[in-house]
Amino acid sequence: MTATTISLTQAPLALEDAPALTALLNRIDRVDELGDPAEEPSIRELLTTPGLDLGTDSLAVRRDGELVAFAVVDVHTSLDRDGRVRCQLMGGVDPDHRRQGLGMQLLAWSEQRAAELAAERHPGNVTAIFRTSGGRDPRPGTPAEAPPGGGADIRPLLAQREYRRARSWLAMVRDLPGAALPAPQIPGVRVVAPTDRDQEPARLAHIAAFADHWGSAPVSPQRWEIWWDSHTSRRALSTVALTADGTVLAYAICSEDRPGVLHIALVGSRPEARGKGLARAVIARTLAAAAEAGFTRAELEVDAESLTGATRLYDGLGFVREHVYATFEKPVPTA
C-alpha cells in the first residue's frame with residue numbers, strides 16, 4: 001500500500017470512540033449550522049443508552065484510522081399513539097468526506113438493521129416506520145447563493161431513499177431575565193423543584209401528557225433516567241406541579257447543554273389538568289430560577305402542529321422563533 005492509499009474500515013462503535021465521535025459531531029454541527037454542539041460526557045451517555053447494543057446497532061466508518069462517519073439505530077420497545085414501531089436512525093458523515101457514497105451506504109445499513117430489530121422486538125404484522133432528522137430549514141430570506149447548511153446535504157439523500165417530511169419543530173428562545181412573569185397560584189397545587197421521589201410520578205405524568213401527541217410512545221423507567229439524571233440535567237431549575245398526594249400534574253424538565261443556556265427539554269400537563277395555567281406556572285418558576293442562577297438565555301423545541309396550543313403558550317411567555325427543524329420518515333417495507 002502506498003502512502004497515499006486510503007484505507008476504509010467499517011466496524012461497530014465502542015465506548016472508547018466517545019472522544020472521536022464528539023469531535024466528528026462538532027465538525028458536522030459547525031458546517032451544517034445545527035447549533036447543537038456535542039460534549040463528550042453526553043456522547044458517553046448516548047453510547048450507553050439502555051437497550052442500545054453497540055455491537056449490532058451501530059456502525060463506524062474510518063479512513064486511515066480516523067472516524068469519518070457513523071450510524072446508530074434505536075428501535076423503541078413500545079408502540080406510538082398510532083400503533084407503529086418507531087425506528088430512529090441517527091448518523092452523520094464528516095463534511096470533508098461527503099458525496100462519496102458513505103451517507104447512502106450508512107442509511108441503507110441503518111434501514112436494514114432497524115427493520116430486523118423491529119421484527120425481533122415486535123413480532124407479527126405491526127406497522128413500523130423509519131424516522132430521522134432532516135436538519136434545519138434555511139432562514140427566511142436566505143439568498144440562494146448563500147453557503148449550504150442546515151438540511152442542504154441530507155435532504156437530497158433522504159429524497160433518494162423516498163423519505164418524506166413528516167413534522168416541523170420550532171426552536172424558540174428567550175433572553176433571561178426578560179420581562180417578569182407573574183407566578184399564578186393554583187389552589188391545592190405546589191409548584192416546586194422536583195426531588196428524587198418525584199421521578200416516577202413525573203414519568204407517569206409525561207406518558208399521560210404525550211399520549212395524544214404525534215409520534216410519542218411511552219418511555220421506560222430506564223430511558224426516563226436519562227432525562228432525570230444525565231450530567232447536563234439541572235434538577236434545581238426543573239419544576240413540577242404537585243397535588244397533596246404527590247401526583248405530578250405538570251412539569252418542565254431542564255438541562256444545560258451549553259454553558260449559560262437553559263434547555264427546557266420537556267414540558268407537559270396531564271390532560272385532565274390542562275387549561276388551568278399549570279404549564280405557564282411551571283415554566284414561569286423555571287425561568288425565574290434560571291435567571292437567579294445566572295443563566296442568560298432559555299431555549300426549547302415545540303411541535304409546530306401541537307394539538308395543545310403550546311406555540312401560543314410560549315409566544316405568550318416571551319419566547320421567539322429562531323429556527324425550524326424537520327423530521328423525515330418512511331414506512332418500513334413489509335416482509
Side-chain angles (χ1 to χ4, degrees), residues 13 17-43 45-47 58-63 66-74 88-111 130-173 232 255 257-259 261 263 265 297 299-304 320-330:
L13 284 166
D17 290 317
L21 182 55
T22 302
L24 171 60
L25 287 169
N26 283 327
R27 293 196 297 274
I28 293 171
D29 183 78
R30 284 192 296 271
V31 171
D32 291 350
E33 300 176 343
L34 299 176
D36 188 23
E39 293 184 336
E40 187 176 327
S42 296
I43 300 308
E45 290 172 351
L46 169 66
L47 296 177
S58 72
L59 190 63
V61 178
R62 294 178 173 83
R63 281 189 168 168
E66 180 187 12
L67 182 66
V68 297
F70 79 100
V72 174
V73 169
D74 185 26
Q88 189 71 37
L89 312 184
M90 298 170 279
V93 177
D94 189 300
D96 290 338
H97 294 83
R98 292 177 179 173
R99 297 173 181 81
Q100 300 173 26
L102 287 178
M104 184 68 77
Q105 293 176 34
L106 286 174
L107 190 53
W109 175 88
S110 298
E111 291 179 359
F130 297 131
R131 183 175 296 166
T132 192
S133 171
R136 178 178 58 77
D137 288 358
R139 290 180 184 271
T142 299
E145 65 275 11
D153 280 344
I154 187 61
R155 293 184 185 180
L157 173 59
L158 295 176
Q160 289 183 56
R161 300 292 296 185
E162 299 181 341
Y163 284 76
R164 64 173 184 85
R165 186 176 185 134
R167 214 68 171 183
S168 297
W169 309 92
L170 307 180
M172 306 186 72
V173 298
T232 60
S255 62
D257 303 330
R258 289 179 289 159
V261 179
H263 185 98
R297 185 178 172 95
E299 63 180 14
L300 53 79
E301 296 83 36
V302 60
D303 184 346
V320 296
R321 305 176 190 195
E322 185 175 52
H323 295 298
V324 179
Y325 294 86
T327 293
F328 283 68
E329 68 178 26
K330 79 172 184 179

Is there a side-chain contact between Arg155 and Arg165, using heavy atoms and a 4.5 Å cut-off? yes

N/O donor-acceptor pairs under 3.5 Å from side chains in residues 17-28, not counting sequence neighbours:
{"residue": "Asp17", "atom": "OD1", "partner": "Arg62", "partner atom": "NH2", "Å": "2.4"}
{"residue": "Asp17", "atom": "OD2", "partner": "Ala14", "partner atom": "N", "Å": "2.8"}
{"residue": "Asp17", "atom": "OD2", "partner": "Arg62", "partner atom": "NH2", "Å": "2.9"}
{"residue": "Thr22", "atom": "OG1", "partner": "Ala18", "partner atom": "O", "Å": "2.7"}
{"residue": "Asn26", "atom": "OD1", "partner": "Ala38", "partner atom": "N", "Å": "2.7"}
{"residue": "Asn26", "atom": "ND2", "partner": "Thr22", "partner atom": "O", "Å": "3.2"}
{"residue": "Asn26", "atom": "ND2", "partner": "Ala38", "partner atom": "O", "Å": "3.1"}
{"residue": "Arg27", "atom": "NE", "partner": "Asp94", "partner atom": "OD2", "Å": "2.6"}
{"residue": "Arg27", "atom": "NH2", "partner": "Leu67", "partner atom": "O", "Å": "3.4"}
{"residue": "Arg27", "atom": "NH2", "partner": "Asp94", "partner atom": "OD2", "Å": "2.9"}

Tell me the closest heavy-atom pair linking Ala60 and Leu13, and the distance in Å. CB-CD2, 3.6 Å

If the condition is side chain to side chain contact (heavy atoms under 4.5 Å, CB included), which residues does Val261 pass it with, not counting sequence neighbours? Arg258, Arg297, Glu299

Close side-chain approach of Val324 and Leu170, heavy atoms under 4.5 Å: yes

Listed by chain and number, what are the side chain to side chain contact (heavy atoms under 4.5 Å, CB included) partners of Gln88, not counting sequence neighbours? Asp74, Met90, Arg131

Listed partners of Glu40 passing salt bridge (Lys or Arg N to Asp or Glu O under 4.0 Å), at least two apart: Arg44

Identify the heavy atoms of Val72 and Ser58 that sit nearest to each other, and give their distance. CG2-CB, 4.2 Å

With sequence neighbours excluded, residues passing side chain to side chain donor-acceptor pair (under 3.5 Å) with Ser42: none

I want to check something: taking the side chain as every heavy atom from C-beta on, are Trp169 and Asp303 in contact at a cut-off of under 4.5 Å? yes

Any chance you could measure Ile154, atom CD1, to Arg136, atom CZ, to the nearest 0.5 Å? 15.0 Å

Close side-chain approach of Arg164 to Glu329, heavy-atom, < 4.5 Å: yes

Where is the tightest heavy-atom contact between Leu158 and Ser133, given as atom of each residue plus distance? CD1-O, 4.0 Å

Applying side chain to side chain contact (heavy atoms under 4.5 Å, CB included), name anything that partners Ser110, two or more places apart in sequence or on another chain. Ala71, Val73, Leu89

Taking side chain to side chain donor-acceptor pair (under 3.5 Å) as the definition, give me every residue that meets it alongside Glu39, ordered by chain and number, with sequence neighbours left out. His231

Can you tell me how far CG of Asp153 sits from CZ of Arg98, rounded to the nearest 0.5 angstrom? 4.5 Å

Which residues satisfy the side chain to side chain contact (heavy atoms under 4.5 Å, CB included) test with Gln160, sequence neighbours excluded? Met104

Those residues at least two apart in sequence (or on a different chain) that pass side chain to side chain donor-acceptor pair (under 3.5 Å) with Tyr163 are Glu111

Taking the basic N atoms (NZ, or NE/NH1/NH2) and the acidic carboxylate oxygens, is any pair closer than 4.0 Å for Asp96 and Arg63? no

Sequence neighbours excluded, which residues qualify as side chain to side chain donor-acceptor pair (under 3.5 Å) partners of Trp109? none

Donor-acceptor contact below 3.5 Å, side chain Asp29 vs main chain Gly35: yes

Atom CG of Leu59 and atom CZ of Phe70: how far apart are they, to the nearest 0.5 Å? 11.0 Å

Which heavy atom of Phe328 sits nearest a heavy atom of Gly134, and at what distance? CD1-CA, 3.6 Å

